Structures are given as structure tokens and as C-alpha cells.
Amino acid sequence: MIWFIHLPYHLLSFTTMPPKVVPTPPFFQRVVVGTLAVLAGAYVLKDAGKDLEFVKFEPHTPEEIERRKRDGVHMTMKTLETRSLNYTPEAQERLRKLIEEKEQKEKKLQSEEKKET
């Protein structure tokens, strides 16, 4: 206990003072930030999910809709053997074009650099 007396005051104050409690943000602010985060995540999922094949929406014919209403079938999800995490053919083509354009730009830049030297 005596060795505390010989410590400088600034070290002694840190050891004896309780830590300061940081106030949490107001509840309304947490609700707003949480809502914005959920909306941003939903937008990203919607934007990225359209290129993937793991969820397919197949619209029903009007006759099938009437039959489902009559039978009381509201929503069903089927697991098909054809499901995958591959890109849709449209997305594959779009990505292929983007890669080709990028390669062409890189080739142009390389040829321009060679001409300068």
C-alpha cells in the first residue's frame, strides 16, 4: 500500500478512478440506423440476387391460381435438383462482355505505353 504513495499523481489517478461510462445513443437513433442498414442490405440482396439461379419465380396460370385458392394452398416452395449457385445465362453473358471490355482497355493502355518508350 505504501508504494502507491511514491507513484506520480497521474498514475495514481488512473488506478483509483472508476472508468468513464460512455452514454449509448438514443433509441430513436438506433431505430433509424437499423432501418437504414436493413434497407441497404435488402437492396444489395435484390441487386445481387437477380444474377443467381438459386431462386426462380415461375408465375402461375390463371387456372392454377383459381385451383390453389379453392384448395387453400397459399405459398409453396419446392427444392429442385436443378438449383445451383451459378450465374444465370444473362448474367454470364454480361460479365463476359465486361471482362472483354476491360481486357481491351488494358491492351490499349499497354500499347500506348510501348509507343511512348
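FYI, the numbering just counts along the sequence from 1. Only a predicted model underlies this, so the values are computations on that prediction, with no experimental measurement involved.
No salt bridge links E112 with K115; every basic N to acidic carboxylate O contact stays at or beyond 4.0 Å.
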Test salt bridge (Lys or Arg N to Asp or Glu O under 4.0 Å) applied to K97 and E100, step by step: CA-CA 5 Å; K97 286 180 184 178; E100 289 173 358; over 6 Å; no
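Grouping Ile, Leu, Val, Met, Phe, Trp and Tyr by side-chain contacts under 4.5 Å, direct or through others, puts L36 with F28, V32.
Taken to the nearest 0.5 Å, the NZ atom of K102 stands 10.0 Å off from the NZ atom of K105. The NZ atom of K107 lies 9.0 Å from the CD atom of Q110; values are rounded to the nearest 0.5 Å. For the atom pair R94 CZ and R96 CZ, the distance stands at 12.0 Å (nearest 0.5 Å).
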